[in-house]
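Here the structure is a predicted model, which means the values were calculated and not measured.
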Amino acid sequence: MKKVLLVFSLLLHFLSFSQKTVQFSDPLPFGSSSQPTTDKIHFGKYKSSDSQVTYVIDEKGISIVTVAIASITREQVRESSKLQVRGNYIFGIKANDSLPCVLEGENYYYGIESKLMIAGEGSLNTFTKINTNKYIINFHEGTYFEPSIVTFAGGKMTIIHSELDYQPLFQSILQVSTITRYGSEVAILAPTFEQWERLEATLFTGKKLIYTKE
């Protein structure tokens, strides 16, 4: 009996691993024109209490800002001609600026900001407006795209990434080709604009990631 259960569990694992997923040949919804950023009313910083990620939206586009924690020893500061600590700030790490720091034991800890553009200036992703408060980010994956939906309401930004497991609905959408990526089949779809409404309700059923405007 145990052997039967083991074989069955391995079969389920194999089936789940080899399940077909989908990507899109063109940015969604098909035929819509892209733009670098949102309407100006949505400009600002958006933060979540569940993560250290901050989204920044401005005239250049949408970027993700994260903070990596680094450290340096008191001895390294003393021996350096460029580094200096005054109060709770360290000078010499960032050009022409200081960084807040905390001394714990023999180490000074500080944060280094990293900024990644996900839409707009310098990004390969496309950003499409659905209406005043709803947008689609089409993430560029090789030569294909994976969409995420972004909505604004009540001073909050909500992001839902697409659920890309192959579903029966997708059989009614023109399939361009099937490719193999990382050992799994990927169906490349080319939906029409008329198919967008049903497709949107099926694609974006995942967890809502909510960010509050500062």
Side-chain angles (χ1 to χ4, degrees), residues 27 34-130 132-142 144-162 164 182 204 206-214:
S34 63
Q35 58 189 68
T37 189
T38 67
D39 291 345
K40 193 172 182 178
I41 191 174
H42 304 307
F43 285 7
K45 293 183 177 181
Y46 295 81
K47 288 188 176 182
S48 168
S49 58
D50 297 331
S51 72
Q52 298 300 314
V53 172
T54 299
Y55 281 84
V56 178
I57 303 177
D58 54 27
E59 65 280 354
K60 293 182 179 180
I62 302 176
S63 58
I64 296 177
V65 177
T66 57
V67 177
I69 303 301
S71 67
I72 192 168
T73 66
R74 295 176 70 177
E75 183 179 2
Q76 287 174 307
V77 173
R78 285 195 300 267
E79 293 180 353
S80 173
S81 60
K82 296 181 179 179
L83 300 175
Q84 187 179 16
V85 174
R86 297 201 297 267
N88 294 322
Y89 292 87
I90 186 168
F91 297 79
I93 300 291
K94 186 176 181 180
N96 304 318
D97 202 357
S98 62
L99 295 171
C101 66
V102 175
L103 176 63
E104 291 187 6
E106 290 297 309
N107 294 316
Y108 289 103
Y109 292 88
Y110 55 92
I112 296 291
E113 280 193 352
S114 175
K115 187 175 183 180
L116 173 66
M117 294 295 296
I118 63 169
E121 190 176 275
S123 174
L124 293 176
N125 305 325
T126 61
F127 191 65
T128 304
K129 180 178 178 179
I130 305 300
T132 304
N133 297 312
K134 183 186 292 185
Y135 300 82
I136 300 292
I137 299 177
N138 289 279
F139 289 94
H140 188 268
E141 298 289 338
Y144 306 111
F145 296 91
E146 294 181 358
S148 294
I149 195 164
V150 181
T151 56
F152 297 89
K156 297 181 185 296
M157 179 180 71
T158 300
I159 300 176
I160 305 177
H161 299 301
S162 49
L164 296 174
Y182 307 121
F204 303 106
K207 181 181 178 182
K208 293 182 178 181
L209 305 175
I210 300 175
Y211 299 82
T212 303
K213 192 175 186 178
E214 288 188 324

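One distance of note links CG of N133 with OG1 of T38; it measures 10.0 Å at 0.5 Å rounding. Rounding to the nearest 0.5 Å places OG1 of T54 at 8.0 Å from CD of E113. Rounded to the nearest 0.5 Å, atoms OG1 (T151) and CD1 (I210) are 8.5 Å apart. Interatomic distance, OG of S63 versus CE of M117, reported as 5.5 Å (0.5 Å rounding). Rounding to the nearest 0.5 angstrom, the gap separating the CZ atom in F145 from the OG1 atom in T126 is 5.0 Å. In this structure, the separation between CD on E79 and OG1 on T73 is 7.5 Å, given to the nearest 0.5 Å.
Contact of the Y211 side chain with the K47 side chain is not registered, since no non-hydrogen atoms from C-beta on lie closer than 4.5 Å. Looking at heavy atoms from C-beta onward, K45 lies out of side-chain contact with V65 at the 4.5 angstrom threshold.
Not counting sequence neighbours, the partners of T66 by the side chain to side chain contact (heavy atoms under 4.5 Å, CB included) test are V53, I64, S114.
Within 6.0 Å of CD1 on I69 lie more than 12 heavy atoms contributed by other residues, nucleotides or ligands. Environment of CD in E59: crowded, with over 12 heavy atoms of neighbouring residues, nucleotides or ligands closer than 6.0 Å. Residue K60 qualifies as open at atom NZ: its count of foreign heavy atoms under 6.0 Å is 12 or below. At most 12 heavy atoms of other shown residues, nucleotides or ligands fall within 6.0 angstrom of atom CD in E75.
Panel note: side chain S162, backbone L164; no donor-acceptor pair is recorded below 3.5 Å. The main-chain N or O of T37 is never found under 3.5 Å from a side-chain atom of K129 such that the two would form a donor-acceptor pair. A donor-acceptor pair is defined here as one N or O able to donate and one able to accept, closer than 3.5 Å; such a pair exists between the side chain of N125 and the backbone of I118. Side-chain atoms of H42 come within 3.5 Å of backbone N or O of T132 as a donor-acceptor pair.
Contact record, I160 with F204: O-CD2, 3.6 Å, taken as the closest heavy-atom pair. Residues I62 and Y55 approach most closely at CG2-CD2, 4.0 Å, considering heavy atoms.
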Show which side-chain atoms of residues 84-109 pair as donor or acceptor with protein atoms under 3.5 Å away, not counting sequence neighbours.
residue: Q84; atom: OE1; partner: R86; partner atom: NH1; Å: 3.0

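In this structure, F152 and Y135 have perpendicular ring planes: the angle between them is above 60°, well past the 30° mark.
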